[in-house]
Amino acid sequence: MSDPEGPIEPLPSGSAVEYLRRSADYKLHELTGTRVRATMSLHEAHHQPFGRVHGGVYAIAVEGVASAGASTAVADQGMYAVGTNNNTDFLRPVTVADVEVLAEAIFQGRTQQLWEVSITRVEDGKLVARGRLRLQNIPLP
């Protein structure tokens, strides 16, 4: 479901993820079972000790957007998807930047899914991180 009126509200998460969403002005712009698009504003609140955005921020973004799309893909089957492997590469250092997080399904099977996620700087379109998330489809509790 894509919303031309504005951002989509993400599902609530734990306090650490909610802090990251608030501090990065996380906005979910597109959410379907095969594609998810979000934006984040990264800055000093997201730095590691040497003044660059911490790689864990990118790993959380990869898992968050891909999990949202994968769960959307299986929701009509009474299921949701949980990450089983997150492989995130940090390609360019960032200190302050607005980024777009784009997740697309690579494989969607009966029990597993594989999603690829790219994180690019909005300013120049350069790739700063890329990840893959493998997920398992499980019944809703």
Side-chain angles (χ1 to χ4, degrees), residues 1-48 50-141:
M1 74 181 104
S2 186
D3 186 356
E5 302 296 317
I8 301 161
E9 285 300 314
L11 291 173
S13 284
S15 60
V17 172
E18 289 298 328
Y19 168 79
L20 178 61
R21 286 177 179 172
R22 281 190 309 278
S23 68
D25 193 26
Y26 175 84
K27 289 187 175 68
L28 188 56
H29 301 281
E30 181 180 348
L31 174 61
T32 72
T34 58
R35 181 179 155 101
V36 181
R37 189 175 60 82
T39 54
M40 300 170 65
S41 294
L42 303 176
H43 49 79
E44 295 80 10
H46 310 111
H47 284 183
Q48 38 89 313
F50 303 103
R52 305 287 188 219
V53 172
H54 193 289
V57 171
Y58 300 126
I60 289 171
V62 165
E63 184 135 358
V65 295
S67 292
S71 290
T72 298
V74 295
D76 63 345
Q77 301 166 45
M79 302 178 92
Y80 68 110
V82 296
T84 58
N85 184 46
N86 182 335
N87 184 343
T88 302
D89 295 306
F90 320 126
L91 305 172
R92 283 190 172 81
V94 169
T95 54
V96 175
D98 290 336
V99 296
E100 180 178 76
V101 185
L102 178 64
E104 296 180 304
I106 297 172
F107 171 80
Q108 294 181 295
R110 185 179 54 81
T111 61
Q112 291 190 31
Q113 298 186 53
L114 181 63
W115 284 66
E116 185 163 73
V117 181
S118 61
I119 302 175
T120 57
R121 283 192 304 235
V122 171
E123 175 184 305
D124 59 10
K126 291 199 179 218
L127 189 64
V128 298
R130 171 163 287 186
R132 283 191 176 201
L133 186 70
R134 187 166 52 91
L135 307 102
Q136 182 170 349
N137 303 327
I138 59 176
L140 285 165

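Because the structure is a prediction, the values reported are computed rather than measured.
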*When rounded to the nearest 0.5 angstrom, what distance separates OG1 in T120 from CD in E100?*
5.0 Å

*Considering non-hydrogen atoms only, spot the tightest contact between G33 and T72 and give its length.*
N-CG2, 3.8 Å

*Spacing of CZ belonging to R37 relative to CD1 belonging to I8, to within rounding of 0.5 Å*: 9.0 Å

*Can any side-chain N or O of T84 pair as donor or acceptor with the backbone N or O of Q136 at less than 3.5 Å?*
no

_Heavy-atom check, side chain of T39 versus side chain of H29, under 4.5 Å_ = yes

*Should L91 and V128 be marked as a side-chain contact (heavy atoms from CB on, under 4.5 Å) after you check the CA-CA gap, both sets of side-chain angles, and the distance that decides it?*
CA-CA 5 Å; L91 305 172; V128 298; 5.8 Å; no

_With side-chain contact (heavy atoms from CB on, under 4.5 Å) as the criterion, how do L140 and M79 come out once you've worked through the C-alpha distance, each side chain's angles and the decisive distance to 0.1 Å?_
CA-CA 5 Å; L140 285 165; M79 302 178 92; 5.7 Å; no

*What distance do D89 atom CG and R132 atom CZ have between them, rounded to the nearest 0.5 Å?*
10.0 Å

_Tell me the closest heavy-atom pair linking A70 and A81, and the distance in Å._
CB-CB, 3.6 Å

*With a 4.5 Å limit on heavy-atom distance, are the side chains of V36 and L102 in contact?*
no

*Locate the shortest heavy-atom distance separating A103 from V117; write the atom from each residue and the value.*
CB-CG2, 3.7 Å

*Does a donor on one side chain and an acceptor on the other come within less than 3.5 Å for Q108 and Q113?*
yes

_Within-4.5 Å side-chain heavy-atom neighbours: W115 and L135_ = yes

*Using the side-chain contact (heavy atoms from CB on, under 4.5 Å) rule, take L42 and Y58 through it: C-alpha gap first, then chi angles, then the decisive distance, then the call.*
CA-CA 10 Å; L42 303 176; Y58 300 126; 3.7 Å; yes

*Among side-chain atoms of S41 and D98, is any donor-acceptor pair under 3.5 angstrom?*
yes

*Find out whether R92 and R121 are in side-chain contact, i.e. whether some heavy atom of one side chain is under 4.5 Å from a heavy atom of the other.*
yes

_With a 3.5 Å distance limit and no angle check, can you tell me whether Q48 reaches the backbone of F50 through a side-chain donor-acceptor pair?_
yes

*asked:* Can you confirm whether the side chains of H47 and T95 place a donor and an acceptor under 3.5 Å from each other?
replied: no

*State, with a plain yes or no, whether a side-chain heavy atom of Q77 is found less than 4.5 Å away from one of V74.*
yes

*asked:* Any heavy-atom pair between the side chains of R35 and E104 that's under 4.5 Å?
replied: yes

*Carefully, step by step, assess L20 and Y26 under the rule side-chain contact (heavy atoms from CB on, under 4.5 Å).*
CA-CA 8 Å; L20 178 61; Y26 175 84; over 6 Å; no

*For the residue pair L133 and G83, what are the closest heavy atoms and their distance?*
CD1-CA, 4.3 Å

*Is the side chain of N137 donor-acceptor paired with the backbone N or O of R110 at a distance under 3.5 Å, no angle test?*
yes

*Decide yes or no for I119 and V62: does some side-chain heavy atom of the first lie under 4.5 Å from some side-chain heavy atom of the second?*
yes

*Where is the tightest heavy-atom contact between F107 and Q112, given as atom of each residue plus distance?*
CE2-O, 3.6 Å

_Does H54, at its NE2 atom, have more than 12 non-hydrogen atoms belonging to other residues, nucleotides or ligands within less than 6.0 Å?_
no

*Roughly how far apart are D25 CG and M40 CE, rounded to 0.5 Å?*
10.0 Å

*Where L127 and A129 come nearest, the two heavy atoms and their spacing*: CD1-O, 3.4 Å

